[in-house]
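Every chain is numbered from 1, with letters handed out A, B, ... down the list of sequences. When reading the values below, keep in mind they use all heavy atoms of this one structure, side chains included, and skip hydrogens, waters and symmetry mates.
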There are 2 protein chains.
Amino acid sequence: MEGTELAMGELSDLLGYTLKRAQLRVFDDFLRCVAPVNLTPAQFSVLILLDNNPGRNQTEIATTLGILRPNFVAMLDALESRGLCERQRSPSDRRSHIVVLTDKGRATLARAKKLVQTRHEARLIELVGVENRDALLSMLATIARDF
Amino acid sequence: MEGTELAMGELSDLLGYTLKRAQLRVFDDFLRCVAPVNLTPAQFSVLILLDNNPGRNQTEIATTLGILRPNFVAMLDALESRGLCERQRSPSDRRSHIVVLTDKGRATLARAKKLVQTRHEARLIELVGVENRDALLSMLATIARDF
DNA sequence: ACTATTTGATATGGTCCATAACAATTATCG
DNA sequence: CGATAATTGTTATGGACCATATCAAATAGT
């Protein structure tokens, strides 16, 4: 039985590899921290978008999150079945569904935001250092936007 | 038809969200840059590990990459069917398969490394700035390791 | 020698992502 | 106006990736 660690080679110097590894860790921690309200990162992002963009339909919400419309249907079904949001028929266009947060949805989102801040992001900031957090976020945003 | 952009709200300030978005972009660009040798990020990481750790078996390679043994079987099948690596019976333990790079595998890896460096990483470094790249990599590695 | 463990493998199910197609509705424009 | 095109939500479907249980062969442990 060989107990020796394997050499990562040039993987340690690959931004993409380290980026993916970090992302998996962060999402895993997010799930643990937000477990009390039972929201995935994707569901959390949907609730935030609904809160900040009232009166929008499914397509608009989905596409701004990079979710394809067909895949957004089941996501909304899950949130709506838990009473966190509602589909309403638009009076101006009877094809589209306007998605709105319910009171329960707003309350859940508030709890989730608090959990994310106090448990998840706080620990993350402490890890990388307060003085580096904004630079990190800025670089990641640049990559996400302009790469 | 509303042409207005939606507000991202507190998503813009969420490290996890931006991290994921950046990761998707980076992997997408990796695929484009490495398309001439037809390797996914995961396959590339396997080849690198094989090159740096001769004489190891499937389980050791897979687990260091965070790949579960059952899922590694098909991955190796694909690489082996392309003649990039080979499974050899270990003389010391006839249960395990030692995985080795073939000459073609080494050549392909060399081409891939060159493509990654000159097209992929170079552009990424240029985007975030040479002076920031190491700090970025270091923070991501810290998150991946200690979070 | 008998049991427990390990290794590669198969089967299977879940989640996420992507495309095609469809009915209902609305927009286009001849 | 009316025929055609485009849009919206939806379903169906398939692929990629991830996780668990299980198995036969081989080895380790006692």
*Asks:* What about B:R95: does its side chain form a donor-acceptor pair under 3.5 Å with the base of C:dT6?
*Replies:* yes
*Asks:* Do the side chain of A:K104 and the main chain of A:R82 share a donor and acceptor less than 3.5 angstrom apart?
*Replies:* yes
*Asks:* How long is the line joining CD of B:E60 and C1' of C:dT7, in whole Å?
*Replies:* 11 Å
*Asks:* For A:P91 and for A:T40, find the nucleotide of DNA chain C with the closest heavy atom, then tell me which residue's nucleotide is more 5'.
*Replies:* A:T40
*Asks:* Checking one residue: A:L68. Which other hydrophobic residues are in its cluster under the side-chain 4.5 Å linking rule?
*Replies:* none
*Asks:* What residues, two or more places apart in sequence or in another chain, satisfy side chain to side chain donor-acceptor pair (under 3.5 Å) together with A:R111?
*Replies:* none
*Asks:* Picking from C:dG8, C:dT25, D:dA26, which would you name as closest to the side chain of B:H97?
*Replies:* C:dG8
*Asks:* Does any residue of residues 65-75 of chain B have a heavy atom under 4.0 Å from DNA chain D, and if so, which ones, in number order?
*Replies:* B:L68, B:P70, B:N71
*Asks:* On DNA chain C, nearest-nucleotide positions of A:A42 versus A:R89: which is more 5'?
*Replies:* A:A42
*Asks:* How would you list, by chain and number, every residue that makes a side chain to side chain donor-acceptor pair (under 3.5 Å) with B:E10, sequence neighbours excluded?
*Replies:* A:K113
*Asks:* Send over the distance from A:L76 CG to D:dT11 C1', rounded to a whole Å.
*Replies:* 15 Å
*Asks:* Mind checking salt bridge (Lys or Arg N to Asp or Glu O under 4.0 Å) for A:E86 and listing every partner two or more places apart, or none if nothing turns up?
*Replies:* none
*Asks:* Should side-chain heavy atoms under 4.5 Å link Ile, Leu, Val, Met, Phe, Trp and Tyr, which residues sit in the same cluster as A:I125?
*Replies:* A:V130
*Asks:* Write down the distance between CG (B:D93) and P (D:dA24), rounded to a whole number of angstrom.
*Replies:* 19 Å
*Asks:* How many whole angstroms separate atom CG of A:D28 from atom P of D:dC18?
*Replies:* 13 Å
*Asks:* What nucleotide among C:dT7, D:dC18, D:dT8 has an atom nearest to a side-chain atom of A:K20?
*Replies:* D:dC18
*Asks:* Roughly how many Å is it from CZ in A:F27 to P in D:dC18, rounded to a whole number?
*Replies:* 14 Å
*Asks:* I'd like to know if B:R133 pairs up with A:D13 as an ion pair, taking the criterion as any Lys NZ or Arg NE/NH1/NH2 lying under 4.0 Å from an Asp or Glu carboxylate oxygen.
*Replies:* yes
*Asks:* To the nearest Å, give me how far apart CD (A:Q23) and P (D:dC17) are.
*Replies:* 15 Å
*Asks:* Expressed in angstrom and rounded to an integer, what is the separation of A:N57 atom CG from C:dT25 atom P?
*Replies:* 16 Å
